[in-house]
2 protein chains.
Amino acid sequence: MTSLELNKLIHEPSRLKIIVQLYAVERTDFLYLKRQLGLTWGNLSVHLSKLEKAGYIEIKKSIVNKKTHTSVHLTSSGRITFEEYRKSLKRVLGET
Amino acid sequence: MTSLELNKLIHEPSRLKIIVQLYAVERTDFLYLKRQLGLTWGNLSVHLSKLEKAGYIEIKKSIVNKKTHTSVHLTSSGRITFEEYRKSLKRVLGET
DNA sequence: ATAGGAGCTTTATACTATAAAGCTTTGAAA
DNA sequence: TTTCAAAGCTTTATAGTATAAAGCTCCTAT
């Protein structure tokens with residue numbers, strides 16, 4: 001049963017989608033994620049903070065055209081953790 | 001994004017495992033699920049109630065050897081909903 | 001100067017999962 | 001024969017989490 005544990009931080013739908021996106025493109029920004037996933041500012045902000053705190057993503061802030069610009073990328077820890085999550089998920093789903 | 005919605009009732013890890021189990025065997029009992037998934041009485045009880053309320057499973061109580069015996073089976077609605085959930089999940093995971 | 005919007009963050013509320021306590025029946029021992 | 005423990009749950013309380021609302025800062029246009 002231990003091998004069937006699903007990382008809850010990643011399992012949450014919005015965060016799962018964030019990670020999947022980052023897994024594909026390596027780096028993206030706040031606004032793109034917001035539009036892509038249809039989240040509110042607050043919601044996305046909180047999710048990103050949690051993922052950052054866990055060390056799964058890195059958040060970089062810069063100034064572009066005099067506006068703050070937040071870009072996000074998956075850390076190798078995040079990448080590996082996601083791959084493990086996927087394996088667990090497959091085990092949970094089994095032969096179905 | 002609508003097609004990427006994950007049924008939260010099914011997405012919750014314990015309930016997902018319950019459904020996967022039922023999907024495989026069609027009918028099982030309370031104690032088996034409890035041992036198989038390593039849940040407490042209370043926890044399993046609550047999860048089953050929610051799944052029942054949603055119409056995904058049917059709970060039947062009977063007396064076996066003078067003891068109450070709770071058996072559970074997946075309704076066709078539950079089966080179909082799970083299959084849809086699986087499809088959504090695949091779409092969310094995409095090419096990863 | 002100030003009004004409005006972009007780009008977030010922080011706080012509050014409402015929901016949900018887990019754990020603890022309780023309930024009922026049976027069976028065995030004192 | 002009453003009482004003690006255990007099986008088999010259910011209900012209630014607590015603690016954690018997600019979403020929504022309000023707030024903050026910087027910029028640009030008027």
Side-chain angles (χ1 to χ4, degrees), chain A residues 1-2 4-22 27-54 56-73 85 88 92, chain B residues 1-2 4-22 27-54 56-73 85 88 92:
Chain A
M1 195 49 53
T2 332
L4 293 182
E5 281 325 312
L6 294 171
N7 185 322
K8 290 190 78 177
L9 232 145
I10 293 187
H11 193 62
E12 197 287 325
S14 294
R15 289 193 298 259
L16 179 56
K17 289 169 196 165
I18 291 169
I19 298 265
V20 164
Q21 178 64 25
L22 287 172
R27 175 173 295 284
T28 188
D29 59 42
F30 196 101
L31 274 178
Y32 181 81
L33 283 174
K34 180 181 177 303
R35 289 190 199 111
Q36 192 73 2
L37 308 184
L39 299 175
T40 62
W41 293 112
N43 201 195
L44 180 53
S45 178
V46 172
H47 285 316
L48 290 182
S49 298
K50 292 196 178 176
L51 291 173
E52 185 187 31
K53 207 170 182 180
Y56 297 163
I57 64 171
E58 206 177 67
I59 301 181
K60 273 186 190 165
K61 278 155 197 304
S62 57
I63 306 290
V64 177
N65 296 333
K66 303 216 175 175
K67 289 175 186 172
T68 63
H69 180 260
T70 303
S71 83
V72 190
H73 100 110
Y85 165 82
S88 301
V92 166
Chain B
M1 195 51 52
T2 331
L4 292 182
E5 283 323 312
L6 294 171
N7 184 321
K8 292 190 78 176
L9 231 145
I10 293 187
H11 192 61
E12 196 287 324
S14 295
R15 289 192 297 259
L16 178 56
K17 290 169 197 166
I18 290 168
I19 299 265
V20 165
Q21 177 65 25
L22 287 173
R27 175 174 294 283
T28 188
D29 58 43
F30 195 101
L31 275 178
Y32 181 80
L33 284 173
K34 179 180 178 301
R35 289 189 198 110
Q36 193 73 2
L37 307 184
L39 299 175
T40 61
W41 292 112
N43 201 194
L44 181 53
S45 177
V46 172
H47 284 315
L48 290 181
S49 298
K50 291 195 176 175
L51 291 172
E52 185 187 31
K53 208 169 180 181
Y56 297 163
I57 63 170
E58 205 177 66
I59 300 181
K60 273 187 191 165
K61 279 155 197 304
S62 56
I63 306 289
V64 178
N65 296 334
K66 303 211 173 178
K67 289 174 185 174
T68 63
H69 180 260
T70 302
S71 85
V72 189
H73 100 112
Y85 165 81
S88 301
V92 166

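So you know, we letter chains A, B, ... as the sequences are listed, proteins then strands, and number each from 1. What you see is a predicted model; the values in this text were computed from it and never measured.
- Applying the 4.0 Å criterion to OP1 and OP2 of C/dC8, one finds that A/S45 has every side-chain N and O outside that range.
- Toward the 5' end of DNA chain D, the nearer of the two residues A/L39 and B/W41, judged by each one's closest nucleotide, is B/W41.
- Of the candidates D/dA18, D/dC9, C/dT18, D/dA18 carries the atom nearest the A/E12 side chain, counting heavy atoms from C-beta on.
- B/N43 has a side-chain polar atom (N or O) that falls below the 4.0 Å cut-off from OP1 or OP2 of C/dT18.
- Closest to the side chain of B/S14, from the set D/dT19, C/dT9, C/dT18, is C/dT18.
- By the 4.5 Å heavy-atom criterion applied to side chains, B/I19 and B/Y85 are not counted as neighbours.
- Between A/K50 and D/dG16 there is no side-chain polar atom (N or O) within less than 4.0 angstrom of OP1 or OP2.
- Heavy atoms of A/L31 sit under 4.0 angstrom from primed sugar atoms or phosphate atoms, though from no base atom.
- A/N65 has its CG atom 20 Å from the P atom of C/dG5, to the nearest Å.
- Here the P atom of nucleotide C/dT16 and the CG atom of B/L9 are 9 Å apart, to the nearest Å.
- Here A/H47 reaches the OP1 or OP2 of D/dT19: one of its side-chain N or O atoms lies under 4.0 Å away.
- In this structure, of D/dA18, D/dT28, C/dT18, it is D/dT28 that holds the atom nearest to the side chain of A/K66.
- Rounded to whole Å, the distance from NE2 on B/H11 to P on C/dA17 is 11 Å.
- Summarising the geometry, the separation between NZ on B/K53 and C1' on C/dA17 is reported as 15 Å, rounded to the nearest angstrom.
- Taking 4.5 Å as the limit, every side-chain heavy atom of B/Y56 sits out of range of all side-chain heavy atoms of B/R15.
- C/dC8 atom P lies 7 Å from atom NE2 of A/H69, rounded to whole Å.
- In this structure the side chain of B/N43 reaches within 4.5 angstrom of the side chain of B/H47, judged on heavy atoms.
- Within the 4.5 Å cutoff, the side chain of B/L31 has heavy atoms near those of the B/W41 side chain.
- Put simply, the residue from A/E58, A/R27, A/K60 that forms a side chain to side chain donor-acceptor pair (under 3.5 Å) with A/S71 is A/R27.
- Nucleic acid contact for B/T68: sugar-phosphate only, since backbone atoms but no base atoms lie under 4.0 Å from a heavy atom of the residue.
- Between C/dT11, C/dT9, D/dT10, one nucleotide has an atom nearer to the side chain of A/V46 than all others, and that is C/dT11.
- Listed pair A/K61 / C/dT9 meets the phosphate criterion, a side-chain N or O lying under 4.0 Å from OP1 or OP2.
- Following rounding to the nearest Å, A/R35 (CZ) and C/dG7 (P) show an atom-to-atom distance of 7 Å.
- Taking 4.5 Å as the limit, every side-chain heavy atom of B/I18 sits out of range of all side-chain heavy atoms of B/V72.
- Taking atom CD of residue A/E5 and atom P of nucleotide C/dA17, one finds them 15 Å apart after rounding to whole Å.
- The shortest distance between the side-chain N/O atoms of A/T40 and the OP1/OP2 oxygens of D/dT19 is not below 4.0 Å.
- For the pair A/I59 CD1 and C/dT9 P, the interatomic distance rounds to 7 Å; values are reported in whole Å.
- Of the candidate nucleotides C/dC8, C/dG7, D/dT10, C/dG7 has the atom lying nearest to any side-chain atom of A/K67.
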